[in-house]
Asks: 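My questions all concern the structure below.
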Amino acid sequence: DDDDDDDDVASAMASSTLHNLNPNAERMGPQASLHMNLQAAKGLEDVLRTNLGPKGTVKMLVGGAGDVKLTKDGNVLLREMQIQNPTAVMIARAAVAQDDVTGDGTSSTVILIGEIMRAAERYLADNVHPRVLVDGLEVAKRAAVEFLDKFKLDINVTDENPDREMLCCVAKTSLCTKVRKGLGEKLTDMVVDAVLTIRNQQEPIDLHMVEIMHMKHKSEEDSKLVKGLVLDHGTRHPDMKKHAKNCYILTCNISLEYEKSEVNSGFFYSTADQREKMVQSERAFTDERVQRVIDLKKKVCDGTDKNFVVINQKGIDPISLEMLAAEGIIALRRAKKRNMERLVLACGGQSVNTVEELVPEALGYAGEVYEHVLGDEKYTFVQDVANPRSCTLLLTSGNDHTLAQMKDAIRDGLRAVKNAIEDKAVVPGGGAFEIAAARHLETEAKKNVGGKAKLGVQTMADALLSIPKILAENSGFDAQETLINLQEEHEKGNVVGLDVATGEPMIPGMEGVYDNWLVKRQLLNSAPVIASQLLLVDEVMRAGRNMRKG
């Protein structure tokens, strides 16, 4: 009791000291601040726990303007949700950072932080000092990361034909937690083929070279991978062809329009003839450029059945379009800069910036170019290319909600395949790693720790077990019974995860359920650190200066 009195006196003094310094300061004592942190972590976890896994539920976010978003993706939820509590904001930021680094694992991060706090709460209620728990958590974190390196499975992705089956398993595991199963399987092949198309052994994978286009028609099942490019605009002249085969593609960044001078300038003339001459000379400047393009077309296409397509990043004015159309050239203007990079990778050739560079070697090639009109929107397909290093994922659906879900899922799926290729390793999924790691912490890691810090290791082990438990809950099975069955299998030496369809233990390799090694590693490195920092908070003061200077 004396100790408690001392604490009260100390905190009262701290409070009054702070009050002297700043009369407007608000302050929370050690008990209250710890309680707030625990409640915030558990509260945020309770929001996201039902989302975990392929059988998770969907959340409906309603914006201020009444717009509705349906999502299962933890990352989307945390980015779009308005969170007021400072502790919850901190956890949400850590989870969103996890997504930025690895592309997946946001819900798991929030759940693991919440569960560490929940497990720690029991010991804190028994007067265990938070510092002791934090020391144990640190040991447990290191032990779990070391165990992860032993537990991972190496996969072959180095030679020309990588283990596509394994990459499909990783992508499917990631996608099926974001969209329904049938659609997840459909998107899996598209995602894996897209990454393998843009992969170049010598360079890191650049996922920006996969264009994601969405068209609001037909059903989700009609989504496809286009080995080539889909542009979201069409030709600007009614006489141009809408469909062409065997096309030379000129990718250029040349202005084919009459340009005003960039500085304010005036032209003075005294007779109508002078004005006429000036207009003609200005026009001749642009016409000469267009003529250069037409000359190149004649040089490579005359006497053959080949067609010529110009895709320009800058503008083409109506007169130039007329000249090009008269020659049977298909011209598109104002293409996106990113698409110019993709075009060169998809069709070959190189991007031309001046008319002096217009040579046959700069041309790319596509087997087919055609325009697709959908309502008011026009899409141009450039496909049947010889050696694509860039591609387009074309997503179709009848409604915006599904399109948004598919887009978020595709982004995570692409990152999952990229991570698997770069890690050259995967981790058995379905909660298999979490159960094995918890067992390792309880049996091996505890031996290396003395005293009360063992409780910190136990906290981490209990928190890891929550992931298979929540998977079982979300799939409609008894959490405790399922967990015990899984642990019994692990004690026999079998690496098993949870089969969400039956609730029985399953071998991840048989079902093809694999997680990314990078995601698990990031999860184990970040969650215990954030939880430790929150446990060590013993005072919350609202006395800081305004951080955002006006």
Side-chain angles (χ1 to χ4, degrees), residues 194 197-198 209-215 217 222 224-254 256 290 293-316 320-352 358 360-396:
T197 299
I198 63 165
M209 290 305 110
V210 180
E211 166 82 314
I212 301 173
M213 280 301 279
H214 43 281
M215 293 167 82
H217 79 142
D222 294 302
K224 62 181 179 192
L225 172 70
V226 179
K227 294 259 178 108
L229 208 61
V230 181
L231 304 165
D232 53 359
H233 51 96
T235 56
R236 287 282 175 208
H237 195 283
D239 295 345
M240 286 183 181
K241 293 180 192 169
K242 303 287 182 233
H243 190 275
K245 293 246 165 111
N246 293 344
C247 306
Y248 283 115
I249 309 283
L250 172 62
T251 313
C252 58
N253 186 11
I254 304 172
L256 297 178
V290 179
V293 174
I294 293 170
D295 292 344
L296 179 63
K297 182 255 177 187
K298 285 182 172 166
K299 187 172 171 184
V300 295
C301 294
D302 278 7
T304 65
D305 62 344
K306 300 276 200 314
N307 285 296
F308 200 83
V309 179
V310 177
I311 298 177
N312 194 4
Q313 194 181 324
K314 292 203 170 111
I316 307 176
S320 306
L321 280 171
E322 186 69 49
M323 289 170 69
L324 293 170
E327 289 293 331
I329 295 175
I330 300 172
L332 290 97
R333 65 185 181 194
R334 306 215 186 282
K336 289 191 299 201
K337 185 172 187 301
R338 264 275 147 73
N339 276 342
M340 305 308 272
E341 296 171 31
R342 294 182 184 125
L343 265 170
V344 173
L345 283 169
C347 308
Q350 60 223 34
S351 186
V352 176
L358 287 172
E361 292 74 54
L363 298 174
Y365 176 80
E368 187 177 23
V369 175
Y370 65 93
E371 191 176 291
H372 182 99
V373 181
L374 188 66
D376 295 339
E377 310 253 334
K378 284 182 178 179
Y379 296 90
T380 306
F381 285 72
V382 180
Q383 55 189 48
D384 291 349
V385 290
N387 186 13
R389 280 263 163 264
S390 172
C391 54
T392 303
L393 289 165
L394 186 65
L395 308 179
T396 59

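We're numbering straight along the sequence, starting at 1. These figures come from a predicted structure and were not determined experimentally.
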Asks: For the residue pair C301 and N307, establish whether any side-chain heavy-atom pair is separated by less than 4.5 Å.
Replies: no

Asks: On a heavy-atom basis, which atom in M340 and which in A335 lie closest, and how many Å separate them?
Replies: SD-CB, 3.7 Å

Asks: Give me the atom names and distance for the closest heavy-atom approach of T392 to L229.
Replies: OG1-CA, 3.2 Å

Asks: With heavy-atom distances below 4.5 Å as the criterion, would you say the side chains of K297 and L250 are in contact?
Replies: no

Asks: Report the relative orientation of the aromatic rings in Y248 and F308; use parallel for angles under 30°, tilted for 30 to 60°, perpendicular for over 60°.
Replies: tilted

Asks: Minimum heavy-atom separation for R334 to G315, with atom names?
Replies: NH1-N, 3.3 Å

Asks: Report the distance from atom OG1 of T396 to atom NE2 of H214, rounding to the nearest 0.5 Å.
Replies: 11.5 Å

Asks: Determine whether L394 and Y379 make a side-chain contact, defined as any pair of heavy atoms from C-beta on separated by less than 4.5 Å.
Replies: no

Asks: Less than 4.5 Å apart, side chain to side chain, heavy atoms only: is that true for L296 and L363?
Replies: yes

Asks: Give the C-alpha distance, both sets of side-chain angles, the deciding distance and a yes or no for side-chain contact (heavy atoms from CB on, under 4.5 Å) between L321 and R333.
Replies: CA-CA 10 Å; L321 280 171; R333 65 185 181 194; 3.9 Å; yes

Asks: CG/D239 to CG/L324 distance, rounded to the nearest 0.5 angstrom?
Replies: 12.0 Å

Asks: Can you name the salt bridge (charged side-chain N to carboxylate O under 4.0 Å, His left out) partners of K241, sequence neighbours left out?
Replies: none

Asks: Kindly determine whether K378 and V373 satisfy side-chain contact (heavy atoms from CB on, under 4.5 Å), including the steps that lead there.
Replies: CA-CA 5 Å; K378 284 182 178 179; V373 181; 4.2 Å; yes

Asks: Quick one: closest heavy-atom pair of L332 and H233, and the distance?
Replies: CD2-O, 3.6 Å

Asks: Going by the rule side chain to side chain contact (heavy atoms under 4.5 Å, CB included), which residues pair with D384 if we only count those two or more places apart in sequence or in a different chain?
Replies: E368

Asks: With side chains defined as the heavy atoms from C-beta onward, is the minimum distance between C347 and T251 less than 4.5 Å?
Replies: no

Asks: Do Q313 and K336 have side-chain heavy atoms sitting under 4.5 Å apart?
Replies: no

Asks: Rounded to the nearest 0.5 Å, what separates atom CG in L231 from atom CG in L343?
Replies: 6.0 Å

Asks: One thing to verify: whether E327 and K298 come together as a salt bridge, which I'm taking to mean a side-chain N less than 4.0 angstrom from a carboxylate O.
Replies: yes

Asks: Stepwise, does the side-chain contact (heavy atoms from CB on, under 4.5 Å) test hold for I254 with K314?
Replies: CA-CA 6 Å; I254 304 172; K314 292 203 170 111; over 6 Å; no

Asks: Quick check: closest heavy atoms across N253 and N312, and the distance to 0.1 Å?
Replies: CA-OD1, 3.6 Å

Asks: Taking the side chain as C-beta and beyond, is there a heavy-atom pair between D232 and M213 under 4.5 Å?
Replies: yes

Asks: With K224, which residues qualify under salt bridge (charged side-chain N to carboxylate O under 4.0 Å, His left out), at least two apart?
Replies: none

Asks: Return the CD1 to SG distance between I311 and C247, rounded to the nearest 0.5 Å.
Replies: 9.5 Å

Asks: Any non-hydrogen side-chain atom of K242 less than 4.5 Å from a side-chain atom of T235?
Replies: yes

Asks: List the atom of S351, the atom of V344, and the distance in Å for their closest heavy-atom pair.
Replies: N-CG2, 3.8 Å

Asks: Around atom NE2 of H372, are there more than 12 heavy atoms from other residues, nucleotides or ligands closer than 6.0 Å?
Replies: yes

Asks: Measuring from atom CG of L225 to atom SG of C391, what distance do you get when rounded to the nearest 0.5 angstrom?
Replies: 5.0 Å

